[in-house]
There are 2 protein chains.
Amino acid sequence: MNFQKRKNIILNILEERGEVTVKELADELAISEITVRRDLTVLTADGLVYRTHGGIMKVELTKTPFHFANKAAINVEEKDNICRLAAKEIQEGDIIFMDCGSTVFRLCQFIRNKKIHVITNSLPVVYELMNSSVKINLVGGEIDPERQAVHGRIAEEHIGRYKADRAFIGVDGISVKNGLSAFSEIEAGITLAMFANSAISYLLCDASKVGKDKYFQFAPLNALDVMITNKKTDDTEEIEKAGIRVLTF
Amino acid sequence: MNFQKRKNIILNILEERGEVTVKELADELAISEITVRRDLTVLTADGLVYRTHGGIMKVELTKTPFHFANKAAINVEEKDNICRLAAKEIQEGDIIFMDCGSTVFRLCQFIRNKKIHVITNSLPVVYELMNSSVKINLVGGEIDPERQAVHGRIAEEHIGRYKADRAFIGVDGISVKNGLSAFSEIEAGITLAMFANSAISYLLCDASKVGKDKYFQFAPLNALDVMITNKKTDDTEEIEKAGIRVLTF
DNA sequence: TTGTAATTGATTATTTTTGAACAAATGTAC
DNA sequence: GTACATTTGTTCAAAAATAATCAATTACAA
């Protein structure tokens, strides 16, 4: 019984039951638990299963339905501090891109009274800036109800028609080695389009995301000009050394 | 029972009841309260639940920020009747344009459960249909805060990229002699673009606007295919004689 | 055969998870 | 406001799962 064969069996069992323990697999495959664990390490690295303590689950079962996610509510203070710094970078008359991240959203309150143009794919941003001195350009295309934002090819083309002074975006992970990464590739296209069409690219992210890599890596580190984060760490210093301007408070 | 599985169960229970106490969860999951609290700490940090003293609540996220303060409230019943008729015209699978008029807005409630595509420049329409079975395509461009809608050349170009089965629009005046008219020319471009790119053009308007001409005349009567209105008058009959299909109730 | 590398299993730390006990903080009733 | 009950955070210990190390087995090629 080689690894390939075990892999098939494990995946079949998982497909059937949704979740299995290491012990069960060891029994059914008549191999030791340590071998099962080694197999599961590989399968997890390949993204085929979700590893839990004591076993595995189907990846679908671990996805949280989106109506629960309300990231805007967490770490509000840190996010606000990051955005205060970001707002200082903005000049009167600027044209800026804002993406649909929860951190970027909190930038709204600090730019309400500026005479600038905001181009965004985020509906909450639109609503927040609606009755302010900011002129809003909304990116058109398919609505993603989960993210309350516009995504897709048409949206990216729309962005491509404008040249902005600054782009403010968020990511799920950033590292010197693998650059920018996200949980999903849906947002990556928007981010890339905004970066490509702005003079200066800003990343707004809290320190917990620095040095981390997530599922989908979509841009090298040097796509970025400035990173604004909440505190200096070894990881942020590394990024600074790589030539990115890093702002903290 | 691992954390991942508990998380799913907790979220499901919360979804069902809106709020749950720590004790209830401990009982139902057959684990200690301290473990429940630890789980809730994680879920709260992820923004998935709202932590209260003694339990959790659902995070409220889709409050409708857009609404028609003035116009939508008047003649609600008449408008609803017009829209009920309009909704009957729509087939499953249709692609339809909806403009930013207050009458057209009330069509939303009658199409929530249809499997159709809606292309619109109206933000209230977007929010109204956000969590429904309707797929939404939002027209991109400059936001007009007064109308809570997107207008301008870019918006018209966006509309031009799609071909729809039906277009539902409103006007401020319609007459056989001068065709369609509006108080302002801003909306006229959108209307014309939607008409040009749909197989059948519907006008939703109450009888008070029929036979009237307003400031800006932007299209001949024959740009229209169907007019849906609340009652037959001499003016509506005239329009019917001019070759427009007129629906009333 | 024989040597080498890869795989597997056993033993042993190490980490993670869980629950209990107790102190601190919070909410409620009066 | 105070007193009381409840909830929460903290610390510690036990149990389970995992990682690390090393030995045994197997596969394979010269």
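Just so we're on the same page: letters track the sequence lines, and every chain starts at 1.
Which of C/dT18, D/dT18, D/dT7 sits closest to the side chain of A/H53 comes down to D/dT18.
Spacing between atom CD1 of B/I34 and atom P of D/dC12 amounts to 15 Å, rounded to whole angstrom units. Atom C1' of nucleotide C/dG9 and atom CD1 of A/I31 are separated by 11 Å, given to the nearest angstrom. Nucleotide C/dA21 holds its C1' atom 13 Å from the CZ atom of B/R37, rounded to whole Å. When rounded to the nearest whole Å, the span between NZ of B/K7 and C1' of C/dT17 equals 17 Å. With rounding to whole Å, A/E33 atom CD is found 11 Å from D/dA16 atom C1'. Rounded to whole angstrom, the span from the CD atom of A/Q4 across to the P atom of C/dA6 amounts to 17 Å. With rounding to whole Å, B/R6 atom CZ is found 8 Å from C/dT17 atom C1'. Atom P of nucleotide D/dT7 and atom CZ of B/R51 are separated by 11 Å, given to the nearest angstrom.
Within the 4.0 angstrom heavy-atom criterion, only backbone atoms of the sugar-phosphate kind lie near A/T52; the bases stay farther away. Within the nucleic acid shown, A/T21 has no heavy atom closer than 4.0 Å to any nucleic acid atom.
Between A/T35 and C/dG9 there is a side-chain N or O to OP1 or OP2 distance below 4.0 Å.
With hydrogens and angles ignored, a donor-acceptor pair closer than 3.5 Å exists between the side chain of A/R38 and the base of C/dG9.
Between the side chain of B/N12 and the backbone N or O of B/N8, at least one donor-acceptor pair lies under 3.5 Å.
Other residues, nucleotides and ligands contribute over 12 non-hydrogen atoms within 6.0 Å of the NZ atom of A/K58.
Here the options are A/K114, A/R245, A/R84, the test is salt bridge (Lys or Arg N to Asp or Glu O under 4.0 Å), and the partner is A/E89; only A/R245 passes.
In summary, the aromatic rings of A/Y202 and A/F168 are positioned with their centroids under 6.0 Å apart.
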